[in-house]
Protein chains: 2
Amino acid sequence: MAHLHETACPGCESPDLAFARHDHAHCASDALTRAEALAAARGVRLTPVRRRVLEILLEEHRALGAYDVLNRLAAEGFGNQPPVAYRALDFLEEQGFAHRVRRLNAFAACMHPGEAHSPAFLICRACDKLSEAPAAPIRAALEAAGAEIGFTVEGSSVEALGLCPDCRGAGK
Amino acid sequence: MAHLHETACPGCESPDLAFARHDHAHCASDALTRAEALAAARGVRLTPVRRRVLEILLEEHRALGAYDVLNRLAAEGFGNQPPVAYRALDFLEEQGFAHRVRRLNAFAACMHPGEAHSPAFLICRACDKLSEAPAAPIRAALEAAGAEIGFTVEGSSVEALGLCPDCRGAGK
DNA sequence: AGATACACTGTAATAGTATAACATTGCAAG
DNA sequence: CTTGCAATGTTATACTATTACAGTGTATCT
């Protein structure tokens with residue numbers, strides 16, 4: 001999480017506060033910068049399509065369906081067949097720059113790429129925004145449950161549906 | 001969990017041990033019996049299609065796709081259009097007699113219906129069997145993570161992919 | 001520079017998952 | 001016995017995802 005700012009940046013200091021008011025432009029460009037650095041370090045290519053898809057996902061703390069992404073791409077002159085979107089999304093997921101949200105059949109940008117983590121999502125059923133929660137304790141509980149019966153956990157999807165602070169305040 | 005046996009029944013004494021050898025016929029008929037009792041108590045109808053779908057799901061500790069279920073139903077003289085399967089599956093899920101496994105786009109029978117629980121699944125990537133793990137600690141961790149940012153967890157899907165004891169022994 | 005190899009992108013076709021909408025049947029309460 | 005409602009059947013369609021193959025560009029080796 002170590003990076004420096006001139007000004008306070010709640011979105012970066014507490015990257016899990018997707019529901020809080022924060023400097024999102026910064027939050028997004030920061031994630032993008034980090035993805036670029038990681039890609040360079042790993043010797044993989046963040047090509048124009050891939051980069052654009054990541055930017056699109058970073059626009060909001062929401063998950064987008066592959067076809068939503070595809071429509072955006074097509075409108076911008078990229079290919080307009082499903083594999084164009086799926087390939088970019090698969091790449092981003094492999095590199096840990098984005099996550100798949102199975103509950104929504106959708107994809108969301110990762111807000112802190114590079115830090116090893118199995119994600120846990122908190123998804124607001126009212127406004128559709130989602131936040132990546134600190135998943136270490138959850139993952140530990142899951143591995144403990146597995147260990148009891150000799151099951152080795154290799155990967156996990158943890159997704160909670162509920163109400164974010166804003167929507168709860170609004171009584172939805 | 002309270003029910004009586006003449007003989008030992010690992011499947012019922014530890015209903016989470018889907019990967020262990022156990023008296024599955026009993027394990028399945030027990031879950032069915034409990035579902036019937038619950039349906040009666042709640043005043044909802046476990047109709048022939050619904051009951052048959054539950055039986056099919058109970059045959060193995062595996063998740064089945066809606067279309068797998070549908071094919072079985074069609075072969076047995078029920079309707080052969082998707083809504084036939086989806087409606088029955090939705091009913092079973094609402095009543096807590098089955099769960100949706102989002103990672104697999106599939107459905108699995110609940111092995112201990114009636115006990116309030118948000119399920120946590122351990123899915124073996126080698127043999128496709130799955131087990132419902134005790135989810136209380138996991139759910140607690142998830143709710144704690146939510147609470148920190150004012151998020152109210154209403155429901156959750158927790159699914160781990162990995163290797164079951166048998167398949168790990170077999171070196172897969 | 002030219003040849004080669006490979007990763008990436010584009011496109012067409014198709015497979016798999018899920019729902020909306022409406023007609024029909026059959027049980028259940030009055 | 002009829003009225004109402006839940007459940008089922010059926011048609012059509014929407015949404016999600018993958019396979020397969022063709023073309024393009026980029027990096028590397030000589």
Side-chain angles (χ1 to χ4, degrees), chain A residues 35-36 39-40 42-57 62-95 97-108 128 157 159 161, chain B residues 35-36 39-40 42-57 62-95 97-108 123 128 157 159:
Chain A
E36 279 169 343
R42 291 173 188 166
V44 298
R45 294 166 53 199
L46 194 56
T47 61
V49 214
R50 292 168 174 177
R51 188 194 153 100
R52 188 69 194 114
V53 170
L54 182 52
E55 286 171 1
I56 290 169
L57 292 181
R62 281 194 175 81
L64 287 180
Y67 283 75
D68 296 331
V69 171
L70 179 58
N71 289 339
R72 295 281 303 268
L73 290 178
E76 297 174 17
F78 293 96
N80 70 123
Q81 299 302 316
V84 173
Y86 281 103
R87 281 193 290 235
L89 290 165
D90 289 347
F91 169 85
L92 295 174
E93 198 187 12
E94 270 162 29
Q95 297 299 321
F97 302 160
H99 298 295
R100 191 170 197 139
V101 186
R102 310 207 88 105
R103 185 132 193 164
L104 304 176
N105 290 325
F107 301 80
D128 284 336
S157 15
E159 300 170 6
L161 207 63
Chain B
E36 281 170 341
R42 290 173 189 165
V44 299
R45 295 167 50 198
L46 195 55
T47 62
V49 215
R50 291 168 175 177
R51 188 193 151 98
R52 189 68 193 115
V53 170
L54 182 51
E55 286 171 1
I56 290 169
L57 292 181
R62 280 193 175 82
L64 287 181
Y67 283 76
D68 296 330
V69 171
L70 179 59
N71 289 339
R72 296 281 302 267
L73 290 177
E76 296 175 17
F78 295 96
N80 70 122
Q81 298 303 315
V84 173
Y86 280 102
R87 280 194 290 234
L89 290 165
D90 289 348
F91 168 86
L92 295 173
E93 198 188 12
E94 270 162 28
Q95 297 300 321
F97 303 160
H99 299 296
R100 191 170 196 137
V101 185
R102 311 207 84 106
R103 185 130 191 164
L104 305 175
N105 290 326
F107 300 81
I123 307 165
D128 284 335
S157 16
E159 302 169 5

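Chain letters run A, B, ... following the sequence lines, proteins first and then strands; every chain starts at 1.
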Subject >> Nearest-Å distance for atom pair CG/P, residues A:Leu64 and D:dT16 >> reply: 11 Å

Original post:
Any chance the side chains of B:Arg102 and B:Ser157 put a donor and an acceptor closer than 3.5 Å?
Top reply: no

Original post:
In Å and rounded to the nearest 0.5 Å, what is the CG to CG distance from B:Leu46 to B:Leu92?
Top reply: 7.0 Å

Original post:
Starting at CG of B:Leu73 and ending at P of D:dA7, how long is that distance when rounded to a whole Å?
Top reply: 17 Å

Original post:
Could you write nucleotides 8-19 of chain C as a row of B, S and -, 5' to 3', where a protein heavy atom under 4.0 Å of any base atom gives B, of only sugar-phosphate atoms gives S, and otherwise -?
Top reply: SBBBB----BBB

Subject >> Heavy-atom closest contact (B:Phe97 atom, B:Ala35 atom, distance) >> reply: CZ-O, 3.5 Å

Original post:
Is there side-chain contact between B:Asp68 and B:Ile56, with heavy atoms separated by less than 4.5 Å?
Top reply: no

Subject >> Spacing of CZ belonging to B:Arg42 relative to CD belonging to B:Gln95, to within rounding of 0.5 Å >> reply: 5.0 Å

**OP:** In sequence, state the C-alpha distance, the side-chain angles, and the governing distance for A:Asp128 and A:Leu104, and then conclude on side chain to side chain contact (heavy atoms under 4.5 Å, CB included).
**Re:** CA-CA 10 Å; A:Asp128 284 336; A:Leu104 304 176; 5.7 Å; no

Original post:
Closest heavy-atom contact between B:Ala85 and B:Val69?
Top reply: CB-CG1, 4.4 Å

Original post:
Between the two ends of the helix from C:dA1-D:dT30 to C:dG30-D:dC1, what is the bend in degrees, rounded to 10 degrees, where each end axis spans five pairs?
Top reply: 30°

Subject >> Taking every non-hydrogen atom, the tightest pair across B:Pro82 and B:Tyr67 >> reply: CG-OH, 3.3 Å

